[in-house]
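Letters A, B, ... are given to chains in the order of the sequence lines, protein chains preceding strands, and every chain is numbered from 1. As the structure is a computational prediction, the values presented were derived from the model and not from experiment.
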Amino acid sequence: MLDVSNTMDSSTTATPALHSATYLDALNPTQRLAVEAVDGPVLVLAGAGTGKTRVLTTRLVHILASGRAKPWQLLAVTFTNKAAREMRERVALTLGTSVDGWWVGTFHAAGARMLRQHAEHLGLKPSFTILDADDQQRLLKQLTEARGLDAKKLPPRLFMGIIQRWKDRGLTPDQVSTAEGADAADGQALPLYRDYQERLLQVNAVDFGDLLLHALKLFQQQPDILARYQQQFRYLLVDEYQDTNVAQYLWLRALAQGHRNLCCVGDDDQSIYSWRGAEIENILRFEHDFPGAQIVRLECNYRSTAHILAAASALIAHNKGRLGKTLWTPRDGGEPVTVQAAWDGADEARIVCEQADALRRKGQQLNTMAVLVRAGFQTREFEERLITVGIPYRIVGGARFYERQEIRDAIAYFRIVAQPDDDLAFERIVNVPKRGLGPASLRSIHILARARNLSLTQAARQLIETDELKPQPRNTIRRLLADFDRWRGQLDHLPHADLARLLLDESGYTQMWRADRSPEAPGRLENLRELVVAMAEFDSLGGFLEHVSLVMDNDEAAGEDKITLMTLHAAKGLEFDTVFLPGWEEGIFPNMRALEEGGAKSLEEERRLAYVGLTRARARAIISHAASRMVYGMWQPAMPSRFIGELPPANVAHAAAPTAARHDGGWERSGAFGPTRRWGEAARLQPKVIEGEAVQIPDIPPAAGVAAGERVFHQKFGYGRVQAVNGDRLEIEFDKAGRKTVIQSFVEPA
DNA sequence: GCGTAAGCAGTTTTT
DNA sequence: CTGCTTACGC
């Protein structure tokens, strides 16, 4: 029989069933150490595939189960909504309780929560809006123009970048050094930063950087508030510590002062976000910043085969600035990492797609495969090929749901209804769909708003009472404002999803896309329908809008069997049985710009990216490179990436892929130069191929007799004369294409 | 105010 | 070769 007092008891302690600590049984000894080292500063160096997420969530559970803290006394922060969601779900599952209201989420969500509680200390109203990149840029554009700056030489996005970097470093305009202020964008960036912050306060808005920067300011200016948070959060947990920026570091340090129960989990070898402000030094310096810190290394990898792991480890060992880990695996050898060459991008795509298809025919799900590229544009060739051969694929990244134009427009309508004084929303939709309100009318509204310190909506309201505007725009604005009022009137009477539908219809927005003849229009209408459906899941319009501004991702249902295409950055934290790594060529990967701008440090980050790529693979990693690539409409020779040379030969098989032996398309577009007869000869150099599967052969033997002075033929550049031989690299003066360096195996004697 | 042509730059991306 | 922004003409 159920005893009420018992029920009460177990629900308040929440965890007596877990006192047997069964949740610890699933851990290996090191993981267990990382979980049980609860008090004081702890750095967990979690190599790829070592069960990081399990440790994180178990640790959280352990702190609660051991009675050290109540749920509200924990603060666990991650970078992405996805990681946050995963942690919440796993904790909820282990404990069998809801984690609603717990401080488990992203840095920014935690910052926003704090700011909403104390907005008034920062000159904000608790209802402040959170701007996204698009809003920021439009705002900055206005400010740039207001200062009369040349938008060509100093585009708003440049300022956005500079300001963001300052915010990443925890610097308010006053804290930027004079030298740096004078330096950045001809000295224009710092004053603009001031303008920008001032304007944000005026419109009661913050950007993402502010969520932390304002919180820092709050901590500094209101020590009592900081003290309260310090007391509340007895245990701090941080994921992906290697990706934290200075602002986040300062924020954590402030909160951890006192009890110092801070646990940071990360992997210095997977730090790939320096360009957006991440400071790898944060993790390298941890011991120094938190004296007496325990360091736990998770080095047992459960994901990849020994070959893959050995290759990745040897590669990353070329980096100097690292804490050092030795990954090992209980698994056996598996397949060596494959390195294969292709003639050009189209050829490479063809080879990879054939291999994916061959694996599929052997029973592998496409879901278990991924093509990981350095830069987004590289997915195009793969898409084209996948479409022609009919292999289903999904692209991760690209324009996310809430960043699409139609979604942002719709949300601007919702915002203007929920928050009448939202200027940025007003501007966005005032002439969408086209209502005949151009820059001239808008300028009048702006001038009045500025002069009387009004929001744009208020200013518009006053303006139509004057005769400043011509009758036509005046009536249009009048009608629009009446629409706003009507919709606001419905706010309390209609479920917000219904109101949204009504609003999109009555504003003419849906009609605008229905009339649009472009191929994307139907998709956009579909997205709008989806948006309205998604809204229904929230209690209120306000709740939905907060979700939108913080959680700008959408997870596509992973139902269908598709191969995944994405960037290496996007792949961090994921794993696949088979990973294709195309484009391992100097200039592409490592990326030339990264090298030019960032030097040795950047090269190390590129190498970490390569490491991340390799360690995504459970069973197979297939690296490829092409001999020539079309870059901006011009053929360029390509050298294999230096990273290929850094892989240990013992764990690598150089494969010749099934290439030109079969004339099954893919070559149609491939060449200004290449006469077909050459393919026969090229194919002769390749080994026999069975069923589209890569065949492992020893390194391609150097074609005999290529020496300086000889005439050679190259598929893309035609005929030329060898000028110099440098190992397997030939410098050739081509008759038509000029002087290029190419690798030996891609030329033939002419 | 809106539609079309020249001009130019062109990694990685989360919140 | 693209896609985006800007400048012009109607």
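Nucleotide B:dT14 holds its P atom 13 Å from the CZ atom of A:R85, rounded to whole Å. What separates CZ of A:R593 from P of B:dT11 is a distance of 6 Å, to the nearest Å. Atoms CG (A:D243) and P (B:dT15) sit 12 Å apart, rounded to a whole Å. Atom-to-atom, CE of A:M592 to P of B:dT11 comes out at 11 Å; the value is rounded to the nearest Å. Between the P atom of B:dT14 and the CG atom of A:L131 lies a distance of 18 Å, rounded to the nearest Å. Distance CE (A:M160) to P (B:dT14): 13 Å, rounded to an integer number of Å. Atom P of nucleotide B:dT14 and atom CG of A:D207 are separated by 17 Å, given to the nearest angstrom. To the nearest angstrom, P of B:dT14 lies 7 Å from CZ of A:R276.
For the atom pair A:Y393 OH and A:M566 CE, the distance stands at 15.0 Å (nearest 0.5 Å). Interatomic distance, CZ of A:R607 versus CG of A:L609, reported as 12.0 Å (0.5 Å rounding).
Ranking B:dT15, B:dG1, B:dT11 by closeness to the A:S441 side chain, first place goes to B:dG1. Out of B:dT15, B:dG1, B:dT11, the shortest distance to the side chain of A:A375 is found at B:dT11. Residue A:W275 places its side chain closer to B:dT12 than to any other of B:dG1, B:dT12, B:dT15. Taking only side-chain atoms of A:K434, from C-beta outward, the nucleotide of B:dT15, B:dG3, B:dT11 with the closest atom is B:dG3. The side chain of A:T80 lies closest to B:dT14 when the candidates are B:dG1, B:dT14, B:dT11.
Taking atom P on both B:dT12 and C:dG3, the two are 15 Å apart, rounded to the nearest angstrom.
Between the side chain of A:R116 and the backbone N or O of A:F128 there is at least one donor-acceptor pair closer than 3.5 Å. Judged purely by atom type and a 3.5 angstrom limit, A:S271 has no side-chain atom pairing as donor or acceptor with the backbone of A:D268.
Judged by centroid separation below 5.5 Å and plane tilt below 30°, A:F208 does not stack onto the base of B:dT14.
Close to B:dT14, at under 4.0 Å from its OP1 or OP2, lies no side-chain N or O of A:K167. In this model, the phosphate group of B:dT15 is approached by a side-chain N or O of A:N81 to a distance below 4.0 Å at OP1 or OP2. Here A:T567 does not reach the OP1 or OP2 of B:dT11: none of its side-chain N or O atoms lies under 4.0 Å away.
With hydrogens and angles ignored, no donor-acceptor pair closer than 3.5 Å exists between the side chain of A:R374 and the base of B:dT11.
Note on A:E240: nothing from the nucleic acid sits closer than 4.0 angstrom, heavy atoms only. Counting any heavy atom pair closer than 4.0 Å across all strands shown, A:N431 reaches sugar-phosphate atoms only and no base atom. Residue contacts shown for A:A112 are absent, as no nucleic acid heavy atom lies under 4.0 Å away. Residue contacts shown for A:G111 are absent, as no nucleic acid heavy atom lies under 4.0 Å away. Residue contacts shown for A:K141 are limited to sugar-phosphate atoms, with no base heavy atom under 4.0 Å away. Within the nucleic acid shown, A:P439 comes within 4.0 Å of sugar-phosphate atoms alone, with no base atom in reach, counting heavy atoms only.
Along DNA chain B, the nucleotide closest to A:Y632 and the one closest to A:G438 are compared, and the more 5′ of them pairs with A:G438. Closest-nucleotide positions on DNA chain B for A:A594 and A:R165 were compared, and the one nearer the 5' end corresponds to A:A594.
Between A:H108 and A:F208, the ring planes lie perpendicular to each other; the angle is over 60°, past the 30° to 60° tilted range. Between A:F233 and A:W103, the ring planes lie perpendicular to each other; the angle is over 60°, past the 30° to 60° tilted range.
There is no side-chain donor-acceptor pair under 3.5 Å between A:E240 and A:Y273.
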